[in-house]
Amino acid sequence: MPDEEDLEIEESAAPHALWSGAITFGLLSLPVDLFPASRTHALPLKLVDKEHHLLARRYFCPAHERFLPRDEIVRGYEIEKDEFVIVTDQELESIAPEKSRTIDLRKFVNAAEIGPLYFKRSYFLTPGQGGARAYRLLAETMERSKRAGVATFVMRGKEYLVALLSEKGILRADTLRFEDEIRSVEEVGLSFAGSAPASRVAEFRRAVGALEADDLDLRELEDSYTEHLRELIERKLERGIDVEQPPEPEESEGGEGEIIDLMEVLKRRLRPEAAEPAPAAERTSRRPSERAAGKASGRKRAGAKRAERRGAERAAEERTSAQEAGESGALEQLSRDDLYEKAKALRVPGRSRMDKEQLIEALREARR
């Protein structure tokens with residue numbers, strides 16, 4: 001077992017705890033902190049438009065054809081098509097579990113009894129202030145007895161079911177799925193009768209034996225997709241292809257400022273473990289000329305596309321204005337459906353509930 005000093009966490013090297021509290025069972029209380037046991041190395045790809053503007057997520061109402069602000073959005077449980085039971089934020093708060101700083105241990109069970117389907121996500125439990133000795137005693141007791149603790153705790157307004165496990169003197173909390181979240185084999189159509197022929201079993205046993213290994217090298221479990229994506233991005237950076245930059249700042253009158261190499265900045269974000277960048281003069285000297293040419297060409301193409309789009313929008317606006325001028329005196333002769341289509345094109349609010357006279361008045365108002 002590790003010494004008490006080995007269990008201390010250096011604040012400068014560790015991430016922030018997600019939750020702090022205590023494990024309680026019987027008359028015992030053990031202060032602990034909760035840390036995520038896993039992390040992701042996936043490269044975040046954000047959504048942008050064709051001119052490389054970052055997109056924002058908004059909620060759109062198709063009935064009224066407009067975007068809704070947050071204060072007009074409520075939650076509802078759909079009981080039938082387009083029929084909902086509305087639940088308010090106040091009602092959700094009233095049934096939320098009471099805030100707590102304890103992991104309430106209900107029972108200890110044989111760890112092998114908890115099937116792998118029940119496990120969701122793992123967290124490390126580290127001893128809180130003054131709790132290292134009790135932490136070590138609980139971890140060793142559970143590991144020797146091969147027991148897992150079944151407990152509940154509340155984090156961020158939600159109650160979790162967890163299994164407390166001990167491995168090599170370290171306590172881990174694994175969140176569990178509830179019973180009704182697990183599908184049975186019958187639900188997915190798995191039903192086999194009888195046993196397989198012994199000759200075929202022996203054949204498969206030989207095939208399995210050919211790939212058997214005494215140990216699992218976890219370094220073989222690589223995320224090849226993320227690695228290939230990183231390589232693709234780095235190749236584009238090297239060649240200056242599809243690299244969108246913000247406008248270059250104007251130089252100050254007092255002298256030349258430090259040159260910032262965008263490629264080096266992005267490379268450091270893609271590979272945080274990379275070494276510190278070389279001085280600015282050295283980076284500038286090794287910057288390939290084709291990268292600058294590629295960036296200039298990309299900016300020129302983007303500018304041409306924007307000019308073409310603005311021209312098309314102006315032409316469309318002129319056609320719409322001419323059409324509306326010719327129809328301004330003939331709205332009364334149109335059917336209600338035709339009037340609705342015109343109101344839709346002008347984004348007149350509330351048009352789906354208007355009769356013909358109201359649509360005419362709304363169209364006249366929208367054109368003023």
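What's counted below: heavy atoms across the whole structure, side chains too, no hydrogens, waters or symmetry copies. Quick caveat, the model's predicted, so the values are computed rather than measured.
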- Query: What do you reckon, is CD of E212 surrounded by more than 12 foreign heavy atoms closer than 6.0 Å?
  - Reply: yes
- Item | Intermediate values then yes/no, side-chain contact (heavy atoms from CB on, under 4.5 Å), L164 and R172 | CA-CA 6 Å; L164 299 188; R172 195 176 74 243; over 6 Å; no
- Query: If you round to the nearest 0.5 Å, how far is CG of L54 from CG of D49?
  - Reply: 9.0 Å
- Using a 4.5 Å side-chain heavy-atom cut-off and chaining through intermediate ILVMFWY residues, the residues clustered with V201 come out as none
- Query: Quick check: does any side chain N or O of E140 sit under 3.5 Å from a backbone N or O of G169, one acting as donor and the other as acceptor?
  - Reply: no
- Task: Using a strict 4.0 Å threshold on nitrogen-to-oxygen distance, state whether R239 and E234 make a salt bridge.
- Result: no
- Task: For residues L176 and V162, report the shortest heavy-atom separation together with the two atoms involved.
- Result: CD1-C, 3.9 Å
- Query: What are the two closest heavy atoms between L30 and G131, and how far apart are they?
  - Reply: CD1-O, 3.2 Å
- Query: Without hydrogens or angle criteria, can the side chains of T152 and D104 be said to hold a donor-acceptor pair below 3.5 Å?
  - Reply: no
- Message: Applying side chain to side chain donor-acceptor pair (under 3.5 Å), can you list everything that pairs with R75, at least two apart in sequence or on another chain?
- Response: D89
- Heavy-atom pair of closest approach, residues R177 and L117: NH1-O, 2.9 Å
- Nearest heavy-atom pair of G149 and M142: which atoms, and what distance? N-CE, 3.8 Å
- Keeping the roles fixed (side chain from R101, backbone from S20), state whether a donor-acceptor pair exists under 3.5 Å. yes
- Item | Smallest separation among heavy atoms of L165 and A148, with atom names | CD2-CB, 3.3 Å
- Closest non-hydrogen atom pair between K236 and D242, with its separation: NZ-OD2, 2.8 Å
- Would R147 count as a cation-pi partner of F108, with NZ or CZ less than 6.0 Å from the six-membered ring centre and within 45° of the ring normal? no
- Between E143 (side chain) and K168 (backbone), is there a donor-acceptor pair under 3.5 Å? yes
- Is it true that a side-chain atom of T175 and a backbone atom of R121 form a donor plus acceptor pair closer than 3.5 Å? yes
- Query: Do Y123 and W19 have ring centroids that are under 6.0 Å from one another?
  - Reply: no
- Whether E78 side chain and D82 backbone form a donor-acceptor pair below 3.5 Å: yes
- Query: Taking the six-membered ring for Trp, are F35 and F124 ring centroids under 6.0 Å apart?
  - Reply: no
- Item | Between OG1 on residue T102 and CG on residue L105, distance to nearest 0.5 Å | 10.0 Å
- For the pair L125 and D33, evaluate side-chain contact (heavy atoms from CB on, under 4.5 Å) and give the outcome as yes or no after the intermediate values. CA-CA 6 Å; L125 287 169; D33 297 322; over 6 Å; no
- Item | Intermediate values then yes/no, side-chain contact (heavy atoms from CB on, under 4.5 Å), F204 and R206 | CA-CA 5 Å; F204 273 73; R206 288 192 295 271; over 6 Å; no
- Y118 side chain vs A163 backbone, donor-acceptor pair below 3.5 Å: no
- Message: Hydrophobic clusters here meaning ILVMFWY residues chained together by side-chain heavy-atom distances under 4.5 Å, can you tell me if L55 and Y59 are in one?
- Response: no
- Message: With a 3.5 Å distance limit and no angle check, can you tell me whether K356 reaches the backbone of L334 through a side-chain donor-acceptor pair?
- Response: yes
- Query: E72 side chain to P69 main-chain N or O, any donor-acceptor pair under 3.5 Å?
  - Reply: no
- Task: Kindly compute the distance separating CG (L161) from NZ (K120), expressed to the nearest 0.5 Å.
- Result: 9.5 Å
- Within the distance-only criterion (no hydrogens, no angle test), does the side chain of R66 pair as donor or acceptor with the backbone N or O of F60 below 3.5 angstrom? no
- Message: Show every salt bridge (charged side-chain N to carboxylate O under 4.0 Å, His left out) that has at least one partner inside residues 178-203, sequence neighbours left out.
- Response: R200-E203
